[in-house]
Amino acid sequence: MTPEQRSASASKAVRARWEKAGKIIASPMSEPISNSSDHKLATLLTRFRVATEQAEIQVLSEQIERVIFHKQFENA
């Protein structure tokens with residue numbers, strides 16, 4: 001396997017495990033961003049790292065932006 005194939009395979013395996021454990025929801029659009037904690041940001045960044053679909057990447061990046069904005073607003 002090429003390095004790219006191994007990476008894709010590993011990402012797919014991680015995603016499958018997370019879906020099985022219920023850590024990835026079917027529709028990322030339905031998850032509210034009410035928790036702006038460090039844990040929420042870490043979770044979003046982890047999901048972003050393994051995301052493969054353009055739509056999911058877009059939604060996650062928007063959610064990350066909102067969490068960071070709220071964290072900055074709270075700390076101002």
Participant: Under the side chain to side chain donor-acceptor pair (under 3.5 Å) test, which residues partner Glu65, sequence neighbours left out?
Facilitator: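 So Glu65 forms no side chain to side chain donor-acceptor pair (under 3.5 Å) with any residue.
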Participant: So if you build clusters from Ile, Leu, Val, Met, Phe, Trp, Tyr with side-chain heavy-atom gaps below 4.5 Å, do Leu41 and Phe69 land together?
Facilitator: no
Participant: Apply side-chain contact (heavy atoms from CB on, under 4.5 Å) to Arg6 and list each qualifying residue two or more places apart in sequence or on a separate chain.
Facilitator: Met1, Pro3
Participant: Return the CZ to CD1 distance between Arg47 and Ile57, rounded to the nearest 0.5 Å.
Facilitator: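 Between Arg47 CZ and Ile57 CD1, I get 12.0 Å after rounding to 0.5 Å.
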Participant: Return the minimal non-hydrogen interatomic distance between Ile64 and Leu44, and the atom names on each side.
Facilitator: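 Looks like CG1-CB, 3.7 Å.
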Participant: Quick one: pull up NZ in Lys40 and CG in Leu45 and give me the separation to the nearest 0.5 Å.
Facilitator: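 With rounding to 0.5 Å, NZ (Lys40) is 11.0 Å from CG (Leu45).
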Participant: Taking side-chain contact (heavy atoms from CB on, under 4.5 Å) as the test, write out the residues that go with Ser61, two or more places apart.
Facilitator: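 side-chain contact (heavy atoms from CB on, under 4.5 Å) list for Ser61, sorted by chain: Phe48, Gln58.
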Participant: Check side chain to side chain donor-acceptor pair (under 3.5 Å) between Gln5 and all other residues, then give those that pass, not counting sequence neighbours.
Facilitator: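 Partners of Gln5 by the side chain to side chain donor-acceptor pair (under 3.5 Å) criterion, ordered by chain and then number, come out as Thr2.
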